[in-house]
Number of protein chains: 2
Amino acid sequence: MSLDDRKKVILQAIVDDYVTTCEPVGSKALIDRHNFTLSSATLRNEMADLEKLGYIEKPHTSAGRIPSDKGYREYVDSLMHIDTISNAEKKDIESRIATGVGEVTDLLKNATNTLSTKTGYVSLAMTPVLKKSYLTQLKLLMIEPGKALVVVVLSAGVVKDKLVRIPNFLTDVQVNEISRAVEKQLSGMPLDEITLITVASSVKNTSIPDSFLNQVLYEAYTAIKQADKLDVYLEGKNRILSIPEFNDVGRAKGLLDTLSDDGMVAGYVNELGTEEISEGDDSYMIRIGQEIALEGLEDCSFITTTYKVGDKISGNIGIIGPKRMEYSKVISQINFVRKTLNDEIKKING
Amino acid sequence: MSLDDRKKVILQAIVDDYVTTCEPVGSKALIDRHNFTLSSATLRNEMADLEKLGYIEKPHTSAGRIPSDKGYREYVDSLMHIDTISNAEKKDIESRIATGVGEVTDLLKNATNTLSTKTGYVSLAMTPVLKKSYLTQLKLLMIEPGKALVVVVLSAGVVKDKLVRIPNFLTDVQVNEISRAVEKQLSGMPLDEITLITVASSVKNTSIPDSFLNQVLYEAYTAIKQADKLDVYLEGKNRILSIPEFNDVGRAKGLLDTLSDDGMVAGYVNELGTEEISEGDDSYMIRIGQEIALEGLEDCSFITTTYKVGDKISGNIGIIGPKRMEYSKVISQINFVRKTLNDEIKKING
DNA sequence: TGTTGGCACTCGGATGTTTTGAGTGCTAAT
DNA sequence: ATTAGCACTCAAAACATCCGAGTGCCAACA
């Protein structure tokens, strides 16, 4: 017994109905809402089959059916047709993303914000994976005696900085000297090849005592390594509380607690990101329910896609919502956000 | 009829009990837990009086009493005695705050984090009020053709920066020239005296065409103004979901929605901050329930205190919790965090 | 006059019972 | 293979009951 066409149509209808009503759907209700040329009895038989095959399940004996993870999977893989997105909405998304932008991270913030508002779910974006990028500039900027700003510029156009302490008596001129020497040595070097040793060995023959020099270089090193860190933008966490599935404070807290651990989310998404995403214009990845290996997300789906910074560097952007989600709509939105984001990044990085 | 000593003791007992049990307290229970030399009947009379006076109220006819806002107010103003804080806890707080610190904002983040963990409530801190401070440095740093980093250093030791777009053909040397000119003109100037005009008029007689120069200066100006912005650090929002009062998703959402509007919270706290806080070592401000003019915080209390950066500049730090809160404990913690924060800031700004 | 034991009363919350109705599976007829 | 029909299930809603911590008030007492 496998999924014949009729079963597919029925499964599709069940998912569609459940998504909109959030209530288990029964044979009668299904007949009412769609004009099947079927009796409810036949439908029941088919539904019993679908259940045996694992595509739908019953919360309890005398209730309707809800899609299982496998059912959703079948749905997103081969049943749904992706929405088109109206021109008005396109305009809206474009203007939201392009507003008040100075650098790539601004775009990411805007994009997550937009996604969250548009979908009504939690959205997230990660900064580009910088490991694959290299250092283009490093500047030490004297702020006042004992304090300097390390400015790190990476190939992806990402700029990070860090305020560090330096020996009190170092002069403006000396700091400049170090700055130039380090930059000369390191610029162009891939980030993961930069070690404390390469940094330390970059400056030689200066008037500055070694021990102090090393202190400065160490700070420069940590600043570089810190720039390497993945940042996560999560938007719209509060919206979780509006989702019926999370009407229970306990559940909501479970989910929110997990989400508030940026590192954990980042790690997970990053891992996913290494999996293959086909290279089309409309490519995305979906993780449904138990497929998500994060505590508290058992009733959620995770839809991510990738954006690009230049040729090789990419990052992830996507949303987290309930399994019971209007996939077709959300996916169309994500795809358009991704497209806009890519375009805008190109504009910035010219 | 006013609050005689016995009534005060009773009110105190009611608040204490209610805070720990989260259940309306009745005459019998009160007698059981405290060894009053009173019968429950007398107690009932006294409680009826306290109710008439508005210090306590009944959720419904046949229930015990809970403190009213006025009751809490009386409690915090004259009934409670502030906890002392153990040495172990002091050490803990000190180490949490002083760990991994580079600049003042790091301290603030650590401090809010500490406060939230220690109290179990939401904690918040605001960056120093910068209006009273002045500009000490302004640097334009060429990143690549068309892009520059504006670094703004303020008297409070606060460093902010912003990546801006500049005309493509401007050279490193030209950017430096502008940078020096602007800094020379503006450094030492109070932030609120800096206007687009003062910035624009700071550079004269250069080789750069006016229209392009103006573009750069405009970006510098917005960067300065942006540095002027108050930042709010809010920590531990999730903890709200663990508070019995907010076991209801609707309420929790109301509160969280308000809190997620940083600007609104900042505005409110800032307004409060202008009110007088006495200058003792242990000074704090409490707003209880309806006294808080923010939607969704009707069942909350707001405890804030101020920290200092140098002589004149100060910022706020505090917590938001349920009205039903162990005030004495929380206040002692806030005070110690404040003290530690002040000490550490002095260390940094030396 | 303030205190106290006593008592009738209240009412939210817990517990138990009944009803309802949408849903199911199965069977026999088409 | 499809379908009408029927007996059965069970969560949720509606209704009923009970319990007890709590109250206010009164009359008696120090």
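Treat the numbers as computed from the prediction; the structure is a model and nothing was measured. Numbered from 1 within each chain, the chains take letters A, B, ... in sequence-line order.
In this entry the distance linking CG of A/L50 with P of C/dT24 reads 12 Å, nearest Å. When the C1' atom of C/dT24 is taken as reference, atom CD of A/E46 falls 16 Å away, rounded to whole Å. If you measure from atom CD of B/E23 to atom P of C/dG13, you get 10 Å, rounded to the nearest angstrom. D/dA1 atom P lies 17 Å from atom CG of A/D5, rounded to whole Å. Distance, B/L43 CG to C/dT4 C1': 12 Å, rounded to whole Å. Rounded to an integer number of Å, the gap from CG of A/D49 to P of C/dG25 is 10 Å. Distance CD1 (A/I14) to C1' (C/dG23): 13 Å, rounded to an integer number of Å.
At most 12 non-hydrogen atoms from other residues, nucleotides or ligands lie less than 6.0 angstrom from NE2 of A/H81. More than 12 heavy-atom neighbours from other residues, nucleotides or ligands sit within 6.0 angstrom of CZ on B/R96.
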Worksheet item: Which is it for B/R338 and B/S283 under the side chain to side chain donor-acceptor pair (under 3.5 Å) test, yes or no, and what are the steps along the way?
Response: CA-CA 10 Å; B/R338 179 263 274 278; B/S283 54; 2.9 Å; yes
Worksheet item: B/S78 and B/E74: side chain to side chain donor-acceptor pair (under 3.5 Å), yes or no, with the steps?
Response: CA-CA 6 Å; B/S78 44; B/E74 177 72 17; 3.1 Å; yes
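A tilted orientation is assigned to the rings of A/Y327 and A/Y72, their planes being inclined by 30° to 60°.
There is no side-chain donor-acceptor pair under 3.5 Å between A/Y233 and A/N113.
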Worksheet, complete the sentence: Nucleotide by nucleotide, nucleotides 8-30 of chain D touches protein heavy atoms under 4.0 Å in the pattern (B base, S sugar-phosphate only, - none) -BBS----------SBBB-----
